[in-house]
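Only heavy atoms go into these numbers, but all of them, side chains included; no hydrogens, no water, no symmetry mates.
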Amino acid sequence: MTEIRTIGVIGLGAMGGGIAQLAVEAGYDTIGREVSGELAEAAAGRIGHFLTRKVEKGQLEQADRDVAVARLTTTTELDALAGCDLVIEAIVEELEPKRVLFAELDGICRADAILATNTSALSVTEIAAATARPERVVGMHFFNPAPLMPLVEVVQAELTSPETVESAAAVGARLGKEVVRCHDTPGFVVNRILIPLLNDCLRVLDEARVTPEALDSAMKNGAGWPMGPCTLVDLVGIDVHVHASEALHAQLGEPRMAPPERLVEMQREGKLGRKSGQGFYSY
Ligand code: CAA
């Protein structure tokens, strides 16, 4: 198994920022890459904030928080990831930009480095095919919010070596996650089930003529969900959910996998959920 000491995280949005937070807390030297210095600084600020909250709540020692924060460096240059043992990609949920990025990383990173994608529903095999090292490309799919959700799916693509799977699984375990190993099927395990289910929920809004508040209350109180579907989709991001739905629909063709029209409309209007200040709810 490859020994992982330094982790690169590309894209420090909700998912990448959460993954970088987990990595520094677990003791990995971590290099976070963003497209601008301002975005990188904002992400580092959010990580510092969440770790400070843990100190305030007695879940983390101040000294450990400070050491963890110091393990994070940020950059806007991909070349800065040349020394990483593992790079986890968490950029926009679209195939072409991911393939372009993986081809670039393939030229920058050491031949024995592992390249992981946090894709929700795209084919890891197709992403890996953009590199000359598909045996060292793997899916590491975290759930939003990554620091709080206990699962990581470790996805074995067509050519991923068993050693790469085990190295990624070992990192997942050290990040404190429950690891589920799976194959590269559309949506893997959770999203294959959760995305069409959430789409059903959102169609019920119109069919049963209920408000988002009523639907959320129904699923929390009638099905034991920790948060209602509208709150959850706002958290995940309307755009992320639409992209994941489109990817599943393209691969499996079931009508219920297609994003509900209401969501596509919200995306067009820039109502992307919590991150844009407006989704089903206002933030
Ligand atoms: N990063 C780091 N820390 C965070 C955080 C984040 N994004 N968000 C919250 N926290 C911290 C905060 O410090 C917060 O404490 P304070 O408010 O005191 O500062 C602390 O976590 C606890 O937050 P909450 O009080 O909100 O915690 P909760 O007990 O209400 O649980 C939850 C929150 C775990 C998110 C729970 O509501 C839940 O399980 N919801 C379901 C989430 C889910 O299903 N996620 C999967 C989405 S699907 C997906 O991700 C797949 C995909 O590919 C699209």
Side-chain angles (χ1 to χ4, degrees), residues 11-22 42-43 45-47 49-51 53-54 56-57 59 90 92-93 118-121 141-153 176-178 180 187-249 256-283:
L12 298 175
M15 294 309 295
I19 294 166
Q21 179 183 325
L22 288 165
R46 280 193 302 275
I47 292 171
H49 161 79
F50 284 127
L51 293 178
R53 286 294 298 147
K54 287 184 89 164
E56 288 165 356
K57 290 189 282 185
Q59 297 166 351
V92 61
E93 191 56 8
N118 178 55
T119 183
S120 306
H141 181 218
F142 294 83
F143 292 80
N144 195 343
L148 303 186
M149 296 301 287
L151 181 67
V152 63
E153 291 171 330
K177 298 300 173 198
E178 282 296 323
V180 168
F188 319 128
V189 176
V190 172
N191 277 346
R192 167 69 180 78
I193 298 162
L194 185 59
I195 286 177
L197 180 57
L198 284 172
N199 286 341
D200 283 345
C201 289
L202 301 177
R203 289 190 177 102
V204 165
L205 278 175
D206 297 312
E207 290 164 13
R209 284 172 283 155
V210 290
T211 61
E213 289 83 355
L215 176 63
D216 280 0
S217 171
M219 292 308 286
K220 279 199 304 188
N221 297 305
W225 286 26
M227 56 171 54
C230 297
T231 308
L232 181 55
V233 174
D234 270 359
L235 171 71
V236 165
I238 307 295
D239 51 338
V240 172
H241 184 83
V242 166
H243 278 306
S245 297
E246 286 169 346
L248 267 191
H249 186 240
R256 57 195 283 269
M257 289 171 175
E261 191 46 43
R262 168 195 274 266
L263 274 195
V264 176
E265 188 69 26
M266 287 170 75
Q267 185 186 17
R268 252 187 249 123
E269 291 168 358
K271 294 179 183 164
L272 303 182
R274 205 178 274 207
K275 65 184 163 194
S276 71
Q278 184 65 49
F280 287 99
Y281 299 100
S282 299
Y283 299 90

**Prompt:** Given the rule in the side-chain contact (heavy atoms from CB on, under 4.5 Å) test, do Phe280 and Leu202 qualify, once you have shown the distances and angles that lead to the verdict?
**Reply:** CA-CA 10 Å; Phe280 287 99; Leu202 301 177; 3.7 Å; yes
**Request:** Among residues two or more places apart or on two chains, list those pairs meeting ring-ring contact (aromatic ring centres under 6.0 Å, His included) that have a residue in residues 198-224.
**Result:** none
**Request:** Applying side-chain contact (heavy atoms from CB on, under 4.5 Å), name anything that partners Ala42, two or more places apart in sequence or on another chain.
**Result:** Arg46
**Contact list for residues 195-212, test salt bridge (charged side-chain N to carboxylate O under 4.0 Å, His left out), sequence neighbours left out** = Asp200-Arg256, Asp206-Arg262
**Asked** side chain to side chain donor-acceptor pair (under 3.5 Å) with Glu178: which residues, sequence neighbours excluded?
**Response** none
**Message:** Please list all pairs meeting salt bridge (charged side-chain N to carboxylate O under 4.0 Å, His left out) that have one or both residues in residues 218-241, counting only residues at least two apart or in different chains.
**Reply:** Asp239-Lys275
**Prompt:** What residues, two or more places apart in sequence or in another chain, satisfy side-chain contact (heavy atoms from CB on, under 4.5 Å) together with Lys54?
**Reply:** Glu25, Leu51, Gln59, Leu60
**Asked** Has the side chain of Lys177 got a donor or acceptor atom that lies under 3.5 Å from a matching backbone atom of Met149?
**Response** yes
**Euclidean distance, Asn199 CG relative to His249 NE2, rounded to 0.5 Å** = 10.0 Å
**Request:** Check for a donor-acceptor pair, side chain of Gln21 on one end and backbone N or O of Pro147 on the other, with a separation under 3.5 Å.
**Result:** no
**Item:** Partner set under salt bridge (Lys or Arg N to Asp or Glu O under 4.0 Å) for Glu265, not counting sequence neighbours
**Value:** Arg268
**Prompt:** Can you tell me how far the CG atom of Leu148 sits from the CZ atom of Phe50, to the nearest 0.5 Å?
**Reply:** 8.0 Å
**Request:** To the nearest 0.5 angstrom, please state how far the CG atom of Leu232 sits from the NE2 atom of His241.
**Result:** 9.0 Å
**Prompt:** Got a sec, which residues hit salt bridge (Lys or Arg N to Asp or Glu O under 4.0 Å) with Glu213, two or more places apart in sequence or on another chain?
**Reply:** none
**Item:** Heavy-atom pair with the smallest gap, counting every atom of Ile19 and Ala146
**Value:** N-CB, 4.2 Å
**Request:** Specify the closest pair of heavy atoms between Met15 and Asn118, including all atoms of both residues, with the distance to one decimal.
**Result:** CB-ND2, 3.6 Å
**Asked** Do you know which two heavy atoms are closest between Asp216 and Pro229, and how far apart they sit?
**Response** OD1-N, 3.1 Å
**Message:** With heavy-atom distances below 4.5 Å as the criterion, would you say the side chains of Cys201 and Val233 are in contact?
**Reply:** no
**Fill in**
What one should report as the nearest heavy-atom pair of Ser245 and Ala258 is CB-C, 4.3 Å
**Fill in**
What one should report as the nearest heavy-atom pair of Cys230 and Leu205 is SG-CD1, 4.2 Å
**Asked** His243: what forms a side-chain contact (heavy atoms from CB on, under 4.5 Å) with it, not counting sequence neighbours?
**Response** Glu93, Glu94, Glu246, Gln267
**Asked** ring pair (Phe, Tyr, Trp, His ring centres under 6.0 Å) with Phe143: which residues, sequence neighbours excluded?
**Response** His141
**Nearest-0.5 Å distance that lies between atom CG in Leu272 and atom CG in Leu263** = 11.0 Å
**Prompt:** Which residues pass the side chain to side chain donor-acceptor pair (under 3.5 Å) test with Glu269, sequence neighbours left out?
**Reply:** Lys271
**Item:** Tyr281 side chain vs Pro212 backbone, donor-acceptor pair below 3.5 Å
**Value:** yes
**Prompt:** Going from OG on Ser276 to OH on Tyr283, what distance comes out if it is rounded to the nearest 0.5 angstrom?
**Reply:** 9.0 Å
**Request:** Please name all residues satisfying salt bridge (Lys or Arg N to Asp or Glu O under 4.0 Å) with Arg274, sequence neighbours left out, ordered by chain then number.
**Result:** none
**Asked** CG/Asn144 to CG/Leu235 distance, rounded to the nearest 0.5 angstrom?
**Response** 4.5 Å
**Message:** If I compare all heavy atoms of Ala244 with all of Ile195, which pair ends up nearest, and what's the gap?
**Reply:** CB-CD1, 3.3 Å
